[in-house]
Novice: 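Provided herewith is a single structure, encoded as structure tokens, for subsequent inquiry.
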Amino acid sequence: MIVRHPCYGSDVSGKPTRLALIGCGFIGGVHSMVLRGLIAAGVVDAAVVATCDADPERAALFAAAHAGARATTDPDEAMDGADAVWIATPTSSHADLVGRAAARGTAVYCEKPLAPTLAQADALASLATERAIAVQVGLVLRHSPVLAAFDHAIHSGDLGRPMAAVLRDDQYFPVGGMYGSTWRAEHAVAGGGTLIEHSIHDVDLLAWLLGPIVDVAARSRNFSRHPGIEDVLVATLGHDGGATSALASIWHGVVSRPSTRRIEVLCEKGVLWTEDEHVGPLWLQTDDGTIALPCAPDRAHAEILERAFDALDMPQEWRGSLTSYVLSDLSFLDALRCGEPPFPDLATALEAHRVVAAAYGDAARRDTRA
Ligand SMILES: NC(=O)c1ccc[n+]([C@@H]2O[C@H](COP(=O)([O-])OP(=O)(O)OC[C@H]3O[C@@H](n4cnc5c(N)ncnc54)[C@H](O)[C@@H]3O)[C@@H](O)[C@H]2O)c1
């Protein structure tokens with residue numbers, strides 16, 4: 001028997017939740033697959049009713065994966081009759097699409113970043129808040145069991161106060177390899193480079209683990225010379241409560257090296273680290289020695305994950321890296337079903353945008369070569 005979100009049984013609608021997917025590219029493909037797995041396994045009572053992309057062939061290809069789904073290039077048509085929409089288009093288009101969803105009262109799962117600039121992200125959030133629609137933001141690390149275990153260890157009280165963190169996040173410049181599109185090299189669409197496009201996840205993670213970020217200093221560099229797209233950003237962040245963190249975010253040219261993170265948190269009486277935020281291991285060193293802490297999904301979620309992955313015939317070696325995406329989509333659907341606010345929410349995402357904007361501002365003041 002699957003144990004669900006505590007409120008799951010409170011739903012009395014008896015009708016499947018109708019979903020639309022706008023943006024049939026890289027991450028839209030991940031959500032499409034995850035939703036197909038959750039639905040096929042009978043884990044959620046939902047149906048993808050429409051797929052939408054500016055490219056009609058992509059929309060049609062995605063629709064073919066969901067029985068009864070219609071394909072369209074018109075976002076409004078996609079949202080007709082949908083209870084919730086996934087917005088997985090390039091960053092600069094999110095605000096318009098969230099605005100359209102808000103106007104009709106449709107719940108939204110919006111990919112991160114919300115928008116290229118803080119002002120645009122604020123405006124997007126205001127539209128959604130005015131219409132009181134449910135919004136979850138694709139800061140999927142919030143649903144990583146490894147990072148939840150990391151958070152639990154830091155805040156257990158056994159390790160003293162967290163003092164500092166070091167987070168290195170690097171990947172190849174994402175206009176090639178598995179990222180088959182070029183918009184990440186366009187400032188007006190992406191809003192910047194490695195910090196906003198990729199490490200907004202890290203900013204949010206550091207705020208989660210060490211507390212709200214109250215002070216930011218940064219330097220950026222632009223080796224690849226795409227105007228306004230930094231490929232190095234190194235920041236030091238001051239956290240409410242006294243901890244300090246260092247974030248190094250880099251897009252290089254080593255195409256054989258995918259997205260990797262190493263995060264270390266140094267507490268007064270223990271040091272925690274992982275080199276894989278999706279599958280661990282999560283290490284803890286204290287005066288008693290070094291151990292791997294449990295960081296697998298809990299039993300209920302492990303069972304759901306197994307059923308969804310089995311329904312997709314997913315190879316074992318891919319399952320770990322998709323876990324946070326499955327749990328993120330599941331959490332959104334459960335929240336809608338139960339009438340609870342989804343998480344991470346707009347306020348959480350806006351906090352990360354504020355730090356990103358402050359880092360860019362500080363880097364611009366210091367870096368004449370950027
Ligand atoms: N949460 C994560 O881990 C994660 C990972 C990758 C990307 N993202 C975010 O997801 C978004 C999409 O990234 P991607 O890598 O999937 O991009 P992509 O280029 O692979 O796909 C975007 C798709 O949207 C379509 N499109 C563009 N404008 C549109 C519009 N107005 N209406 C309908 N379709 C439109 C394009 O034709 C394309 O098929 C970005 O904001 C990115 O930052 C998040």
Side-chain angles (χ1 to χ4, degrees), residues 20-34 50-63 71-79 85-101 108-117 120-121 124 136-144 147 169 171-205 229 249 251 258-261 277-278 321-329 331-332 344 348-349 352-353 356:
L21 178 58
I22 303 181
C24 302
F26 170 66
I27 202 67
V30 172
H31 290 299
S32 172
M33 180 178 62
V34 163
T51 61
C52 170
D53 198 282
D55 175 344
E57 285 181 16
R58 287 188 176 196
L61 192 69
F62 273 48
T72 176
T73 55
D74 178 353
D76 287 311
E77 195 185 319
M79 286 189 260
V85 59
W86 265 250
I87 294 177
T89 53
T91 305
S92 59
S93 56
H94 295 174
D96 171 55
L97 294 169
V98 170
R100 289 168 192 253
V108 172
Y109 183 112
C110 183
E111 267 306 343
K112 50 47 64 182
L114 291 174
T117 67
Q120 290 163 337
L124 176 157
Q136 181 167 321
V137 185
L139 292 164
V140 291
L141 297 186
R142 291 280 186 158
H143 291 280
S144 155
L147 297 172
D169 180 340
Q171 65 172 43
Y172 57 82
F173 199 108
V175 292
M178 66 180 181
Y179 304 95
S181 53
T182 54
W183 61 264
R184 285 179 176 83
E186 293 172 42
H187 184 263
V189 182
T194 186
L195 180 64
I196 188 167
E197 165 49 26
H198 193 54
S199 285
I200 196 161
H201 284 296
D202 302 322
V203 168
D204 177 55
L205 171 60
I229 304 289
S249 180
W251 282 348
S259 174
T260 61
R261 287 185 173 87
E277 72 278 14
H278 297 299
S321 59
L322 288 166
T323 291
S324 305
Y325 293 90
V326 177
L327 296 181
S328 174
D329 285 349
S331 168
F332 181 55
T348 305
H353 272 280
V356 165

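Start at 1 and go down the list; that is how both ligands and their atoms are numbered.
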Novice: Considering only non-hydrogen protein atoms, determine which one is nearest to atom 31 (N) of ligand 1 and report residue, atom name and distance to 0.1 Å.
Specialist: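 The closest heavy atom on the protein side is S93 CB, 4.0 Å.
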Novice: Return the residue, atom name and 0.1 Å-rounded distance of the protein heavy atom closest to atom 14 (P) of ligand 1.
Specialist: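 Nearest protein contact, heavy atoms only, for atom 14 (P) of ligand 1 is R184 NH2, 3.8 Å.
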Novice: What protein heavy atom sits nearest atom 21 (O) of ligand 1, and how far off is it?
Specialist: G25 CA, 3.3 Å
Novice: Would you compute the distance between atom CZ of R100 and atom CD1 of I22 and round it to the nearest 0.5 angstrom?
Specialist: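 R100 CZ to I22 CD1: 8.5 Å, rounded to 0.5 Å.
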Novice: Check ligand 1 against P113 and write out every atom of the ligand that is under 4.0 Å from a heavy-atom position of the residue.
Specialist: 43 (O)
Novice: Closer than 4.0 Å to some heavy atom of S181 - which atoms of ligand 1 meet that?
Specialist: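 With S181 as reference, the close atoms of ligand 1 come out as 18 (P), 19 (O), 20 (O).
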Novice: Heavy-atom distance to atom 13 (O) of ligand 1: which of W183, Y325, F26 wins?
Specialist: W183
Novice: G138 heavy atoms, cut-off 4.0 Å: which ligand 1 atoms fall inside?
Specialist: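 With G138 as reference, the close atoms of ligand 1 come out as 1 (N).
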Novice: I'd like to check which ligand 1 atoms, numbered from 1 as shown, lie under 4.0 Å from a non-hydrogen atom of T91.
Specialist: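 Within the 4.0 Å cut-off of T91, ligand 1 contributes 40 (C), 41 (O), 43 (O).
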Novice: Measuring from atom 42 (C) of ligand 1, which candidate in E111, K112, H31, E57 has the nearest non-hydrogen atom?
Specialist: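 Shortest heavy-atom distance from atom 42 (C) of ligand 1: K112.
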Novice: Less than 4.5 Å apart, side chain to side chain, heavy atoms only: is that true for P344 and Q136?
Specialist: yes
Novice: Measure from the side-chain N and O atoms of H353 to the backbone N and O of T117, and report whether any donor-acceptor pair falls under 3.5 Å.
Specialist: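 Judged by distance alone, no pair lies under 3.5 Å.
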Novice: For V140, is at least one N or O under 3.5 Å away from an N or O on ligand 1?
Specialist: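 Min N/O separation from ligand 1 is not below 3.5 Å for V140.
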Novice: Nearest heavy-atom pair of E197 and P113: which atoms, and what distance?
Specialist: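 Looks like OE1-CD, 3.8 Å.
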Novice: For atom 10 (O) of ligand 1, what's the nearest protein heavy-atom neighbour? Residue, atom name and distance, please.
Specialist: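 Going by distance alone, atom 10 (O) of ligand 1 is nearest to I27 CG2, 3.2 Å.
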Novice: For atom 27 (C) of ligand 1, what's the nearest protein heavy atom and its distance?
Specialist: P90 CD, 3.3 Å
Novice: Using distance alone, decide if ligand 1 has a nitrogen or oxygen within less than 3.5 Å of any nitrogen or oxygen in R58.
Specialist: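 N/O-N/O distance below 3.5 Å exists for this pair.
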Novice: Would you sort out whether W183 and S92 count as a side-chain contact (heavy atoms from CB on, under 4.5 Å), showing the intermediate values?
Specialist: CA-CA 10 Å; W183 61 264; S92 59; over 6 Å; no
Novice: Using a strict cut-off of 4.0 Å, indicate which atoms of ligand 1 neighbour a heavy atom of A88.
Specialist: 12 (C), 22 (C)
Novice: Of all the non-hydrogen atoms in the protein, which one sits nearest to atom 35 (C) of ligand 1, and at what distance?
Specialist: T89 CG2, 3.5 Å
Novice: What protein heavy atom is closest to atom 33 (C) of ligand 1, reported as residue, atom name and distance in Å?
Specialist: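 Nearest protein contact, heavy atoms only, for atom 33 (C) of ligand 1 is A54 N, 3.5 Å.
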Novice: Give me the nearest non-hydrogen protein atom to atom 23 (C) of ligand 1 as residue plus atom name, then the distance to 0.1 Å.
Specialist: D53 OD2, 3.6 Å
Novice: Please identify which atoms of ligand 1 are closer than 4.0 Å to at least one heavy atom of H201.
Specialist: 1 (N), 2 (C), 3 (O)
Novice: On the 0 to 90° scale, with breaks at 30° and 60°, tag the H31-W86 ring pair as parallel, tilted or perpendicular.
Specialist: tilted
Novice: Give the atom numbers and elements of ligand 1 that come within less than 4.0 Å of a heavy atom of G23.
Specialist: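 With G23 as reference, the close atoms of ligand 1 come out as 24 (O).
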Novice: With only distance considered, is Y179 within less than 3.5 Å of ligand 1 through an N or O on each side?
Specialist: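 The answer is no, given that Y179 and ligand 1 share no N or O pair closer than 3.5 Å.
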Novice: Backbone or side chain, does any N or O of E197 fall under 3.5 Å from an N or O of ligand 1?
Specialist: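 N/O-N/O distance under 3.5 Å: yes.
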Novice: Is the shortest N/O to N/O distance between I22 and ligand 1 below 3.5 Å?
Specialist: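 Such a contact does not occur with ligand 1.
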Novice: N/O of P75 under 3.5 Å from N/O of ligand 1, yes or no?
Specialist: no
Novice: State the atoms of ligand 1, each with its element, that fall below the 4.0 Å cut-off from a heavy-atom position in H94.
Specialist: 41 (O)
